[in-house]
Amino acid sequence: MPMTRNCPITDLQYLTRDVVSITLEAGELAQAAKPGQFVNIKCGEGLLLRRPISICDVNGTLLTVVFQVKGEGTQWLSQCQAGEELDVLGPLGHGYDIPQGKVLVVGGGIGVPPMLYAAKCCEAADACVGFRSEENAILLEELNAACGRVLVTSDDGTIGAHGFVDALVRKALSEERYAAVFACGPKPMLKSVYHAAKEGNTPCFVSMEERMGCGIGACLVCACSVGGHHKHVCKDGPVFNAEEVDW
Ligand SMILES: Cc1cc2nc3c(=O)[nH]c(=O)nc-3n(C[C@H](O)[C@H](O)[C@H](O)COP(=O)(O)OP(=O)(O)OC[C@H]3O[C@@H](n4cnc5c(N)ncnc54)[C@H](O)[C@@H]3O)c2cc1C
Ligand code: FES
């Protein structure tokens with residue numbers, strides 16, 4: 001069940017020029033969090049809506065989110081300080097169902113953070129992650145600790161292999177059998193990862209990102225088409241079986 005809590009910030013760090021990691025003392029909210037779920041954080045007094053951010057990591061009652069500074073809400077969030085409290089609603093949405101066996105987690109850019117907690121919750125996991133360039137790379141140390149192997153790619157070749165992440169997915173799937181592929185990132189990336197998983201006969205689950213309002217299924221802002229039906233990304237997702245998404 002989602003709950004609202006005032007959560008003290010225990011740590012705030014810049015991972016890159018515009019990507020920030022915030023760790024919160026979130027009590028039972030953290031303990032209830034499943035991989036692929038998100039929290040809705042109130043960003044300032046004046047802004048009407050909360051902002052959805054994926055759960056990146058959970059350690060006991062500590063919950064970490066990692067976000068890119070985009071507009072007014074995330075700008076406000078990035079200027080908070082350790083010791084201040086955030087008004088957090090969560091855990092929200094339907095996350096990844098963890099299968100038995102090894103999972104291949106796939107993240108692109110700011111889609112990488114939720115893959116860390118997903119990898120940690122699996123029996124075993126490997127990761128394929130893609131960034132625009134070396135200066136945008138995040139969470140590699142943490143992924144290396146959580147995964148058997150971590151394959152990295154970048155659009156400009158400054159870190160890892162040169163190219164897109166779906167090439168790595170094809171390589172990993174040709175070398176090893178996985179129970180599932182979990183992916184989060186931009187929609188074109190999700191679509192190509194889905195095709196790579198389908199070629200490799202591996203079930204694929206993707207985290208879809210839509211603009212959100214309420215975050216709890218009440219406003220229709222986040223509607224998307226899945227299997228010919230309108231679904232709420234906030235409540236029915238954000239994780240969907242890629243086979244059912246109307247790409
Ligand atoms: C389920 C889910 C999980 C997410 N997880 C992360 C994450 O882990 N890290 C991260 O950096 N970003 C994540 N996002 C995107 C993040 O919510 C937006 O970047 C953020 O809301 C932008 O708010 P803003 O006020 O800074 O920007 P503005 O552009 O000023 O926002 C204006 C309005 O648009 C909405 N909005 C803008 N962009 C998005 C977006 N991409 N998705 C949803 N609503 C949006 C905001 O909620 C707000 O109502 C996630 C989005 C969803 C839906
Ligand atoms: S954000 Fe309101 S219904 Fe999904």
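We use all heavy atoms of the structure for the numbers below, so side chains are in, but hydrogens, waters and symmetry mates are not. Computed from a predicted model, the values in this text were never measured in an experiment. Both counts, for ligands and for their atoms, begin at 1 and track the order of listing.
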Under 4.0 Å to a heavy atom of Q68 - the qualifying atoms of ligand 1, by number: 10 (C), 11 (O)
Closest to atom 45 (C) of ligand 1 by heavy-atom distance, out of E209, R211, K70, is R211
Under-4.0 Å heavy-atom contact with ligand 1, by part of V66 that carries it: backbone
Give a yes or no on whether the backbone of I41 and the side-chain of R50 come within a donor-acceptor separation of less than 3.5 Å. no
N or O contact, F67 vs ligand 1, cut-off under 3.5 Å: no
Show the atoms of ligand 1 that are less than 4.0 angstrom away from any heavy atom in F38. 1 (C)
Donor-acceptor contacts under 3.5 Å from residues 1-13 side chains, at least two apart:
| from | atom 1 | to | atom 2 | distance (Å) |
| --- | --- | --- | --- | --- |
| R5 | NE | A26 | O | 3.4 |
| R5 | NH1 | E28 | OE1 | 2.9 |
| T10 | OG1 | T23 | O | 3.3 |
| D11 | OD2 | Q13 | NE2 | 2.9 |

Has Q100 got more than 12 heavy atoms of other residues, nucleotides or ligands less than 6.0 Å from its CD? no
V239 vs F182 side-chain heavy atoms within contact, under 4.5 Å: no
When you look for heavy atoms under 4.0 Å from ligand 1, do you find them on the side chain of P113, its backbone, both, or neither? neither
Between E199 and A196 (side chain of the first, backbone of the second, donor and acceptor by atom type, cut-off under 3.5 Å), is there such a pair? no
Can you confirm whether L86 sits close enough to L77 that some side-chain heavy atom of one is under 4.5 Å from a side-chain heavy atom of the other? yes
For E210, take its heavy atoms, then give the atoms of ligand 1 lying under 4.0 Å from any of them. 42 (N), 43 (C), 44 (N), 53 (C)
Regarding E243 and Y194, is there a side-chain donor-to-acceptor distance under 3.5 Å anywhere? yes
Any atoms of ligand 1 less than 4.0 Å from a non-hydrogen atom of E72? List them with their elements. 25 (O), 26 (O), 30 (O)
Close-contact set for ligand 1 against T74 heavy atoms, below 4.0 Å: 24 (P), 25 (O), 26 (O)
Below 3.5 Å, N or O to N or O, backbone or side chain included: is there any such pair between G71 and ligand 1? yes
Under 3.5 Å between some N or O of ligand 1 and some N or O of Q75? no
Interatomic spacing from CD in E134 to OG in S154 - rounded to 0.5 Å: 8.0 Å
Going by distance only, is there an N or O of G73 that falls short of 3.5 Å from an N or O of ligand 1? yes
Backbone N or O of K198 within a donor-acceptor pair of the T202 side chain at under 3.5 Å? no
Heteroatom count (protein N, O or S) under 2.8 Å of atom 4 (Fe) of ligand 2: 2
Just wondering, more than 12 heavy atoms not from R132 lying within 6.0 Å of its CZ? no
Ion pair E123/K102, N-O distance below 4.0 Å: no
R17/E135 salt bridge by N-O under 4.0 Å criterion: no
What atoms of ligand 1 come within less than 4.0 Å of a heavy atom belonging to I110? 9 (N), 10 (C), 11 (O)
